[in-house]
Amino acid sequence: QIEPLLFEIGSTERCGVDLDEPAPFTARLGGLEAAAPVDLPALSEPETMRHFVRLSQKNYGIDTGMFPLGSCTMKHNPRLNERMARLPGFADVHPLQPVATVQGALAVMDQLAHWLLTLTGMPAVALSPKAGAHGELLGLMAIKAAIAARGEGKTRDVVLVPESAHGTNPATAALLGFRVKSVPARADGAVHLDDVAGLLGPDVAAIMLTNPNTCGLFEPQIVEIAAALHAAGGYFYCDGANFNAIVGKVRPGDLGVDAMHINLHKTFSTPHGGGGPGAGPVVLSERLAPFAPVPFVRKGADGQLALVEQAGEGSAAQAFGRLTAFHGQMGMYVRALSFMLSHGGEGLRQASEDAVLNANYVRASLADLLTAPFGDRPCMHEALFDDAWLKDTGVTTLDIAKALIDEGFHPMTVYFPLVVHGAMLIEPTESESKVSLDLFIAAMRDLAMAAKRGDVARFTGAPRHAPLRRLDETRAARQPVLRWTRPLPVA
Amino acid sequence: QIEPLLFEIGSTERCGVDLDEPAPFTARLGGLEAAAPVDLPALSEPETMRHFVRLSQKNYGIDTGMFPLGSCTMKHNPRLNERMARLPGFADVHPLQPVATVQGALAVMDQLAHWLLTLTGMPAVALSPKAGAHGELLGLMAIKAAIAARGEGKTRDVVLVPESAHGTNPATAALLGFRVKSVPARADGAVHLDDVAGLLGPDVAAIMLTNPNTCGLFEPQIVEIAAALHAAGGYFYCDGANFNAIVGKVRPGDLGVDAMHINLHKTFSTPHGGGGPGAGPVVLSERLAPFAPVPFVRKGADGQLALVEQAGEGSAAQAFGRLTAFHGQMGMYVRALSFMLSHGGEGLRQASEDAVLNANYVRASLADLLTAPFGDRPCMHEALFDDAWLKDTGVTTLDIAKALIDEGFHPMTVYFPLVVHGAMLIEPTESESKVSLDLFIAAMRDLAMAAKRGDVARFTGAPRHAPLRRLDETRAARQPVLRWTRPLPVA
Amino acid sequence: MRYLPLSGADREIMLERVGVRAVDALFADAPADRLLDEAPDLPRRKGEMAVERELGGLAARNLSAGSVPFFLGAGAYRHHVPATVDHLIQRSEFLTSYTPYQPEIAQGTLQYLFEFQTQVAALTGMEVANASMYDGSTACAEAVLMAQRITRRKRAVLSGGLHPHYADVTRTVCGFAGDSITSLPPDVAASEDIISQIGPDASCVVVQSPDAFGNLRDLAPIADAAHRAGALLVVVVTEAVSFGLLQSPGAQGADIVVAEGQSIGNALNFGGPYVGLFAARSKFVRQMPGRLCGETVDAEGRRGFVLTLSAREQHIRRDKATSNICTNSGLCCLAFTIHMTLLGGHGLHQLARINHANAVALADRLAALPGVTVLNRSFFNEFTVKLAGRDAAEVVERLAARGILGGVPVSRLLPGAGLDDLLLVASTEVNTDEDRAALADALAAVLGEIVSC
Amino acid sequence: MRYLPLSGADREIMLERVGVRAVDALFADAPADRLLDEAPDLPRRKGEMAVERELGGLAARNLSAGSVPFFLGAGAYRHHVPATVDHLIQRSEFLTSYTPYQPEIAQGTLQYLFEFQTQVAALTGMEVANASMYDGSTACAEAVLMAQRITRRKRAVLSGGLHPHYADVTRTVCGFAGDSITSLPPDVAASEDIISQIGPDASCVVVQSPDAFGNLRDLAPIADAAHRAGALLVVVVTEAVSFGLLQSPGAQGADIVVAEGQSIGNALNFGGPYVGLFAARSKFVRQMPGRLCGETVDAEGRRGFVLTLSAREQHIRRDKATSNICTNSGLCCLAFTIHMTLLGGHGLHQLARINHANAVALADRLAALPGVTVLNRSFFNEFTVKLAGRDAAEVVERLAARGILGGVPVSRLLPGAGLDDLLLVASTEVNTDEDRAALADALAAVLGEIVSC
């Protein structure tokens, strides 16, 4: 059933909030008041409830079924974390209250930092970025600032990015005025030391490497690459989107990383929420730490926690200013810390192991029917297949994705990483039970056999069991309709 | 998709709760400990979340669509009320704490009582019944006690119940040892003074009358019936299930009522919750008030509120003991009071008017296609149709109900009241918007026309767009399977 | 008003369709002289913020259990409920649904009821369970009525260890229904001779374990005696977590088991809403009160669930019904089911062990205080202490003044029974060592303050 | 561990299927000498109850706004959010869904984004809005970058009335990106001559209204001047409720409007997460950063929504993208949309009137105190007071010690700017007369305690 837009059922004559008339007052609006209220209809409370509940019913979520979206890490979102984030002591606190009245909030930031530093083996962390890409921005800014401080600001302006990288990597580098050079993809899915070494030189500011990489593999030569880069005067930015595979198993700090963002929503399970809000704290090496932006938390001699908010002074002498108003995503900090405390060190390690085991279980269970670009080698937290096995079937990777919807599953990530033809990237995460994986595997096997026996119609018409069937994305882009407009009155 | 039973996917090897090992201790269980844990599988937290979310998706609720279930009063459940009931000061308070530590809770009971008494025009209320039927029990007990106190306990043992009454009425009377005599149904849907008067005598303890009645009509002779009953020495028990139609418009106390339960979940919108919990406070006349059970709240001379918990003493000298442990449905009291405060006196009156208007709008909008047993007269909060208009179509009332599911609506109440053939009882409540009513009316008209033009297949196969199609109730009753049992191991 | 979707313009159009000038024309059947001219004399409508202020203010006048060391039990227990539980029961599709009379669009409710019945049957050691009752006390009265229907006898024997409220509810309801009730006197030491009370006229004997004073009762001999006399054994449990550690009532010979399920999944709520568990041997199923959910298939042969055996119920049988009950405790039993799903049998066992360990630790600590005697030889998570002649109610008041909710004075439940120096003390998994120390210290201080009664 | 569904037995079976003995075999690509032998040195796992105790303890060390008279603003405002909002955003299908890249099963998210875009466009008076940004401050920097792309000019002019954090973020981001930024000095009295700063090299001029000191700015003359110079007017709004009462930026000539949406639907959250609103003239749509949701049809012709114009975005365009942004503030913009749905234009208008009335009442009351001057000629719900030579930061500390959160000292935002005796005070619908009286009384007392700086 189509749910109307709220504007189509709303009215300007009712309201879902009861507001009293204020006591008489003389406005001091300097003549800038609007002539009339904004023309937006309202719904009463019951209508509002129903409208959004019905909309929600058109969505798929982790809570409704398996969500094996590779690289996106859709894991369980504990409701304990939601409850903790809503404690008035966290949710109902203003960012600019006197610091004496927010010692608990600062302690959350301090504890979160401690966990992140211990898990990454890094000496410093900047908490404020509001998403992974925002963290990348911070990391590359710190690198740029460090290079400028070394007097090489004019000459070191190249950032190396593997072809398999997330799109945010080159976008971030370009935004900051870096020239982006690609590191080619190799048949084994890994970044090779030789390829990197061939690009290194006095113009190279940094490499942006994802580890485990977007093919689901731990970069085998990562230590050597980091060393080569450092020898050439560059910095190693690690895209930490896949940190969830190695938490408690390997510390990025032991691999030579200079900066790495951590998507709290991926690794530490703050809710994805249909696309945000995220949080992307960045851990930094000794060499980059001085360039972290404000604000940060410092413990005073009296044991009180303080906020350093002003760049250019004291411990923030080399800091480069703010990346956001206030202090970052407090609501996400609380959730992530709650997740960490619940797991403990050993639980986080177990979670990584289970995530890797789950992915390999799926990989091994489909290996006889699907084709994997890098052969039968183990993967980390996500299993990557290509579309060679679909050759001549008339079925595409996209068709498989849409057909999975009909089987009751969210599709895997498709056509990413770009370096693999018709990629299907499956990340079950540690939250899936064996029962659930077995059902998914059975559905995938059934689809694979259907494709191979030529049951094309099952795929091209998919999805059939979804609120809508395939949408016309071309039309949306060609004649963009980006908002509702009140229809003209019928003459 | 079928959701497995939790036992089919659970395991005794995992757990959704982390519990530490207690410090060593010496058990003092007197040799009565079990040899092994109860054989019940568990799910981890992510699996639990998904299992119950998926189950919920097989349910229909007010929040998901119109729920025009006559007599059941499915109205909007404000989430404010849920929030208020969960305040630690209400939810996390033990019923037997010292009364000095629960003055706020007692004040809620006191205020709720004040609203109920003001709205009903009655002098006393007993809050503790846990549902409407429980309230009926209380009311008839009070009547029985009052009669016994008059020395007529042996002789007055008849309760008059109209044929159109809710099944709980005769069941309650029978449970308490009353003989039930039926008041016949009349063609106009009303209970007639003449019929009642013909049954009155020294053996009649009470009449149980619903007002507005289950045909959705205000009993026109209610005042006269009450007077006749009183003159004959009987009591007037009013079934308050439909009080929501007249709140703020008519006070039952002004009609001669001696006792009436109020379903807080119907009139004051505490959630139905798939069948409970309910709450059924009973208002009592001066004559019955002394017989109310414990506990009740009394204001002391010092302004402190006290709980009278012991029958047989002081103000509870004639009370007949407890109907439940502790003090009743506190969680429901808070929700109902929150609902009342939100509406205010004028809002409750408006809600009744809107509920009646909505029902009449539906009635008037379907009057040309459907047949109404009592003609074109206005109804109160629910519109009643019979199945005369389906004659010779091959379509039944039940078919109409199931076909409504395919249109996205919950069915109306069907085959109740029993006195109307193939009854369809439609109660939109005040929570439905005109837009929503118009959609419902359109669907009903479409179905009516389909039935009349002989499109029987649309009905007999319905519902098609539901998690399941029609269920075999006979089989369930004949070979009752009331619990899951572990399958025997495969040999 | 935020809850009312009709606008003034809507109302005008609708009145026109209905064919009346004003809404009062629709109230024409009501006696004109009884129709109110204006809204009742009650406060004006309040916005959300104002309601929150008013009710928040009242809530703040209660001392909430979580804010202090807390040791009350007596049929209502403070346990930790996982956040998942309360989240799920608030889902619109559960919260705002009705009794599942339309099973095609109520499978969510029906399946969890079936799961609930299975859990309750397993915990109680019985063959069948219903879809819940109002609470434990009303379930107890219903059990006695059911025993009467089964045995066609009209005298029930209530143990002196039965929770006084349960006994009172049972006496009240069954008394009105024409049963005679033999109530044994309060039995602090679990030493009553109940077996001798079971005569050939007895429909049932009702025994609670852990009993109202915390003692664990050996039910098997009572079951044997009852069965020999043609009577039923009704077992009452007011602390459902005890199922995790103790032999089940079913294993000990119970015919009907009723319990308060609040402890699993549900908050204290100042006494309600709670959830009554009701289980029995399967041969008695057609005499059970309340809703039953059963398995069946749909028109395409898929497994599904429906309310069944409703020929017992009031909406079908009217005055011939097994009970007048017409509701269950839906959301509370959903909470129970979800919490039990998270726990499973092993988790409940561990939870029960923690409860018992904490109670043992508390008993040892209190017993070490001068003037305090722990009376129980056995207990689960609650026991009775004798306060050397002090008035327990006064002790509790003084403890509350010190910010400790220290227990339930027996006189609160049994006034005038001469048990004024007895205090019921419970300890669950929520209590810490610090809590216990705080109670012991404060109790020692308070006992020093007041003289014997 | 309660979140991990694999049992030991499951793991054994799965390892066998994978064909390895132990899970460490799957980590073989990691350098053996960097693989940790054991879990990191961090606390052991905690049950829910223990986590609640630990985090609850930290939360209790913060003075929450709702527990005291509260008057802070400066870009984050305490408003009352209806319970419906928080209930709905916690629905599993919203909370646990992903970016709607699979539109067939994400219409819930997509439709509310379309509704959100419509609301934001209407409120700002612009033609198009995107599906939200991280917050107002980052949206501000993105607007300047966008203006640079549109005008191909590299100097932006920032008003001295721009929130200092916003100015800082913009300077930082755009500075790194190679833009030059002309920041005007702090402009307490809204008296700066910004028009003279708009040269032919200016990409845009960034003006906030209500500005950081609470003043309302007449934007039309600035828009005219900017447009004459070929520059864009970027308007910043940090208090979205002000849209209810003031002429929209679009009506005054803005080309791009960015705003902090926290005030509508979202809690204070100690500064985040918030939701950035971003709107522009439609001719600039292909230069906008962030996600856009557009209407289309499905294979059966039914209306549906998809993310569109993604050729601007990083996952398609990589280093040619309009922004590196790859997320929005999904749940926060859902909260915004729901709250706005409840309010509608008329409700927002009324809410804004109440805010203004409360602020006027507060300004009058404070202005009556000796040593206190209200500096604003115009304001919405926040204004600046001068405390006759006292250090506002110290005043605020002393007010806090008296249980009043009295405002934001300007020196917190602009240290060293010589504005130490200025205090920003905000008043929304949550403030009562008693709150205002408490602040006035306490402020009078505190001012009497401390000497001039």
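The figures here come from the full heavy-atom set of this structure, side chains too, leaving out hydrogens, waters and symmetry mates. Order of the sequence lines fixes the chain letters, A, B, ..., with proteins taken first and strands second; residue numbering starts at 1 for each chain. Everything quoted here is computed from the prediction, not taken from an experiment.
- Tested against Ser342(B), the residues Arg45(C), Lys46(C), Glu48(C), Met1(C) include a single side-chain contact (heavy atoms from CB on, under 4.5 Å) partner, Met1(C).
- In this structure, the portion of Leu405(C) lying under 4.5 Å from any heavy atom of chain B is its side chain and not its backbone.
- The cationic group of Lys249(B) lies under 6.0 Å from the six-membered ring centre of Phe27(C) and within 45° of the ring axis, placing it in a cation-pi geometry.
- Of the two parts of His343(B), the backbone and the side chain both hold a non-hydrogen atom closer than 4.5 Å to a non-hydrogen atom of chain C.
- Of the N and O atoms on the side chains of Arg28(B) and Ser378(C), not one donor lies less than 3.5 Å from an acceptor on the other residue.
- For a residue to count as touching a neighbouring chain, one of its non-hydrogen atoms must lie under 4.5 Å from one of that chain's; by this rule His165(C) touches chain B with backbone and side chain alike.
- Contact of Arg78(C) with chain B is made through the side chain alone, with heavy-atom distances under 4.5 Å.
- Ring geometry, Phe176(C) versus Phe320(B): the interplanar angle exceeds 60°, so the pair is classed perpendicular (tilted spans 30 to 60°).
- In this structure, the side chain of Asn59(B) engages the main chain of Gly108(C) through a donor-acceptor pair within 3.5 Å.
- Looking at Val275(C), there are no atoms closer than 4.5 Å to chain B (heavy atoms on both sides), in backbone or side chain.
- The aromatic rings of Phe67(B) and Tyr98(C) lie perpendicular to each other, with more than 60° between the two planes, well past the 30° mark.
- With sequence neighbours excluded, the residues forming a side chain to side chain contact (heavy atoms under 4.5 Å, CB included) with Ala357(C) are Pro22(B), Phe25(B), listed by chain and number.
- For a residue to count as touching a neighbouring chain, one of its non-hydrogen atoms must lie under 4.5 Å from one of that chain's; by this rule Phe70(C) touches chain B with the side chain only.
- Asp298(C) has no carboxylate O lying under 4.0 Å from a charged side-chain N of Arg470(B), or vice versa, which leaves the two without a salt bridge.
- Both the backbone and the side chain of Leu482(B) come within less than 4.5 Å of a heavy atom of chain C.
- The contact between Val408(C) and chain B is made entirely by side chain atoms (from C-beta outward), counting heavy-atom distances below 4.5 Å.
- With a 4.5 Å cut-off on non-hydrogen atoms, Tyr112(C) touches chain B through its backbone and its side chain both.
- Every residue two or more places apart in sequence or in another chain was checked for a salt bridge (Lys or Arg N to Asp or Glu O under 4.0 Å) with Arg483(B), and none qualifies.
- Glu115(C) and His51(B) share a side-chain donor-acceptor pair at under 3.5 Å.
- Using a 4.5 Å cut-off between heavy atoms, Leu87(B) contacts chain C through its side chain alone, with no backbone atom that close.
- For the atom pair CG (Asp354(B)) and CG (Leu4(C)), the distance works out to 5.0 Å, reported to the nearest 0.5 Å.
- Under 3.5 Å, the side chains of Asn324(C) and Thr172(B) contain a donor-acceptor pair of N or O atoms.
- Top candidate by heavy-atom pairs under 4.5 Å with chain C, chosen from Ala401(B), Gly345(B), Ala34(B), Cys15(B), is Ala34(B).
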